[in-house]
Participant: 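One structure follows; several queries about it will come next.
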Amino acid sequence: MTPGDAPYLYIRLRRRACVRKGSIVRLGEIAQMIVEPSYETALKELVIHQPQNADGNRILIDMMLIVRKIKQQFPLLQIEHFGEPHVLLEIISDSKKPHIVLIALVWLLLFIGSGLAIMNFHADVSMLAVHRRIYELITGEEQAHPLILQIPYSLGIGVGMVIFFNHLFKKKFNEEPSPLEVEMFMYQENLNHYVITEEYNKIHEDEREPS
């Protein structure tokens, strides 16, 4: 078979992939491929990496490693790569479900903490005095506890937080991401970038070490 007649493999790596601890990483789990049907099954089952305990819970699989593995098994394949030059592999382990008591304690801690934060903010800005002054300006009367303002205000805090975070339990009101989701996404992107940089540094250090 001449090089011009050799079959082509079009491959695109996923940005991130998850495998269970102790599992073998196969090409079909970390990449999307277009290839002739006679090669497809074998390529999907091609073993790329066997995670070890020393690898930690995140592993960087470089495209050069994948090309080397493919060429060892199918030397005549012509490889065309698209997208990211690496895939960040996350090793996950079967973890026990958190105990209901632990969930209740965390919920109680967050509830009390957020409540104290709101109360301290209101004390700092003298919210009660503001409500009293607004009530006096509107009605011309002084009132120690202007509930007609305090009750709607308290309900509005809860409704405003639900609208701001765009969540009510598991229900979303629209497809727009909430500020919390955007911050979590940015944190994950920065974390991935850091891990990738560190893994590349380790790879280059290993290559520079004398054999």
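Every value quoted in this text rests on a predicted model; they were computed, and no experiment measured them. Start at 1 with the first residue, then count along the sequence.
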Participant: Step by step, would you call Ile66 with Ile30 a side chain to side chain contact (heavy atoms under 4.5 Å, CB included)?
Facilitator: CA-CA 10 Å; Ile66 295 174; Ile30 62 175; 4.0 Å; yes

Participant: Are the side chains of Leu27 and Met33 in contact, using a 4.5 Å heavy-atom criterion?
Facilitator: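 They are in side-chain contact.
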
Participant: Is Met184 reachable from Val106 through a run of hydrophobic residues whose side-chain heavy atoms are each under 4.5 Å from the next?
Facilitator: no

Participant: What's the separation between atom CD in Glu80 and atom CZ in Arg12, rounded to the nearest 0.5 Å?
Facilitator: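 Interatomic distance, Glu80 CD to Arg12 CZ, rounded to 0.5 Å: 14.5 Å.
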
Participant: With a 4.5 Å cut-off on side-chain heavy atoms, are Leu89 and Arg58 touching?
Facilitator: no

Participant: Side chain to side chain contact (heavy atoms under 4.5 Å, CB included) between Leu60 and Val195: does it pass, once the steps are laid out?
Facilitator: CA-CA 8 Å; Leu60 187 70; Val195 173; over 6 Å; no

Participant: Any donor-acceptor pair under 3.5 Å linking the side chain of Ser23 with the backbone of Val19?
Facilitator: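 Not confirmed, Ser23 side chain does not pair with Val19 backbone.
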
Participant: Flag yes if more than 12 heavy atoms outside Arg16 fall under 6.0 Å of its CZ atom; otherwise flag no.
Facilitator: yes

Participant: Step through the shown structure and confirm whether more than 12 heavy atoms of other residues, nucleotides or ligands are within 6.0 Å of NZ on Lys44.
Facilitator: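 Counting neighbours around NZ of Lys44, 12 or fewer heavy atoms of other residues, nucleotides or ligands fall under 6.0 Å, so no.
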
Participant: Grab the two heavy atoms, one from Ile92 and one from Cys18, that are nearest each other, plus how far apart they are.
Facilitator: CD1-CB, 4.3 Å

Participant: Please tell me whether Met161 and Val125 are part of a single hydrophobic cluster in this structure, the criterion being side-chain heavy atoms less than 4.5 Å apart.
Facilitator: yes

Participant: Can you run down the side chain to side chain donor-acceptor pair (under 3.5 Å) pairs that involve residues 132-149, sequence neighbours left out, and say none if there aren't any?
Facilitator: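 The answer is none; no pair qualifies.
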
Participant: Roughly how far apart are Leu43 CG and Glu36 CD, rounded to 0.5 Å?
Facilitator: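 One gets 11.0 Å once the value is rounded to the nearest 0.5 Å.
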
Participant: State, with a plain yes or no, whether a side-chain heavy atom of Leu65 is found less than 4.5 Å away from one of Arg68.
Facilitator: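 Yes. Closest side-chain heavy atoms under 4.5 Å.
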
Participant: Report the distance from atom CD1 of Ile138 to atom CD1 of Ile148, rounding to the nearest 0.5 Å.
Facilitator: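 With rounding to 0.5 Å, CD1 (Ile138) is 8.5 Å from CD1 (Ile148).
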
Participant: Find the distance between CG (Leu46) and OG1 (Thr41) and round it off to the nearest 0.5 Å.
Facilitator: 12.5 Å

Participant: Please report the shortest heavy-atom distance between Pro146 and Leu128, naming the atom on each side.
Facilitator: CD-CD1, 4.5 Å

Participant: Could you pull out all residues at least two apart from Arg14 that satisfy salt bridge (Lys or Arg N to Asp or Glu O under 4.0 Å)?
Facilitator: none

Participant: Walk me through it: do Lys69 and Gln73 pass the test side chain to side chain contact (heavy atoms under 4.5 Å, CB included)?
Facilitator: CA-CA 7 Å; Lys69 294 281 187 179; Gln73 192 78 15; over 6 Å; no

Participant: Can you list the steps and then say if Glu40 with Ile34 is a side chain to side chain contact (heavy atoms under 4.5 Å, CB included)?
Facilitator: CA-CA 8 Å; Glu40 187 172 358; Ile34 299 177; over 6 Å; no

Participant: What residues, two or more places apart in sequence or in another chain, satisfy side-chain contact (heavy atoms from CB on, under 4.5 Å) together with Ile118?
Facilitator: His122, Ile157

Participant: May I ask you to decide if Arg26's main-chain N or O and Glu29's side chain share a donor-acceptor pair within less than 3.5 Å?
Facilitator: yes

Participant: Please list all pairs passing the ring pair (Phe, Tyr, Trp, His ring centres under 6.0 Å) test where one or both residues lie in residues 50-86, with sequence neighbours left out.
Facilitator: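 Listed once each, the pairs are Tyr39-Phe74, His86-Tyr200.
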
Participant: Grouping I, L, V, M, F, W and Y whenever their side-chain heavy atoms are under 4.5 Å apart, do Leu116 and Phe111 come out in a common cluster?
Facilitator: yes

Participant: In terms of heavy-atom contacts, does OH of Tyr153 have more than 12 from other residues, nucleotides or ligands at under 6.0 Å?
Facilitator: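 Atom OH in Tyr153 is crowded, with more than 12 foreign heavy atoms closer than 6.0 Å.
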
Participant: What I'd like to find out is whether the side chain of Ile79 reaches to under 4.5 Å of the side chain of Lys71, using heavy atoms alone.
Facilitator: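 Yes, their side chains come closer than 4.5 Å.
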
Participant: Just so I know, are the side chains of Ile59 and Ile91 near enough to count as touching, which here means a heavy-atom distance under 4.5 Å?
Facilitator: yes

Participant: Enter the distance from Leu13:CG to Glu84:CD here, rounded to the nearest 0.5 Å.
Facilitator: 8.5 Å

Participant: Restricting to ring-ring contact (aromatic ring centres under 6.0 Å, His included), what partner residues turn up for Tyr187, sequence neighbours left out?
Facilitator: none

Participant: Hey, what do you get for CD1 (Ile24) to CD (Glu45), rounding to the nearest 0.5 Å?
Facilitator: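 The CD1 atom of Ile24 sits 10.0 Å away from the CD atom of Glu45.
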
Participant: side-chain contact (heavy atoms from CB on, under 4.5 Å) with Ser126: which residues, sequence neighbours excluded?
Facilitator: Ala129

